[in-house]
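Note sheet for the following structure.
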Amino acid sequence: MVKDRRLLEEFNKEQIRVEKPDYFQSLSIFEAMWKEGLLLGVLPLKDPLEGIEVDIRIARILNHV
């Protein structure tokens, strides 16, 4: 249980600042997620453009904020 939320937030910010992004670790995570998607049967998409209208609408809304 977190008793001092501010201290935890400072710690998290410091960790993000200190840890540099690692390309190979990110690639490994992406590949694992892709394999899991394949095993679940949700990848590759049958129709990659399905739902694109919703994505575009959300992007427009977010870009105006």
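Sequence positions, counted from 1, serve as the residue numbers for this chain. Just so we're clear, the structure is a prediction, and the values are computed from it rather than from any experiment.
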Are Y23 and L27 close enough that some pair of their side-chain heavy atoms sits under 4.5 Å apart? yes
How long is the span from the CG atom in N63 to the CZ atom in R60, to the nearest 0.5 Å? 10.0 Å
Between S28 and F24, is there a donor-acceptor pair closer than 3.5 Å when you use the side chain of the first and the backbone of the second? no
E14: partners by side-chain contact (heavy atoms from CB on, under 4.5 Å), with sequence neighbours left out: R17, V18
Should V42 and W34 be counted in the same cluster of Ile, Leu, Val, Met, Phe, Trp and Tyr side chains packed under 4.5 Å apart? yes
Using a strict cut-off of less than 4.0 Å between a Lys/Arg side-chain nitrogen and an Asp/Glu carboxylate oxygen, indicate whether R6 and E10 qualify as a salt bridge. yes
Using a strict threshold of under 4.0 Å (side-chain N to carboxylate O), is an ion pair present between E9 and R5? yes
CG of L7 to CG of N12, rounded to nearest 0.5 Å, is 9.5 Å
Nearest atoms (heavy-atom pairs only) where L38 meets L43: CD2-O, 3.2 Å
Would you say L8 and I16 are hydrophobically clustered, going by side-chain heavy atoms of ILVMFWY under 4.5 Å? no
Side-chain touch L49/D47, heavy atoms, less than 4.5 angstrom: yes
Should the heavy atoms of other residues, nucleotides or ligands under 6.0 Å from CD of E50 be counted, would the total exceed 12? no
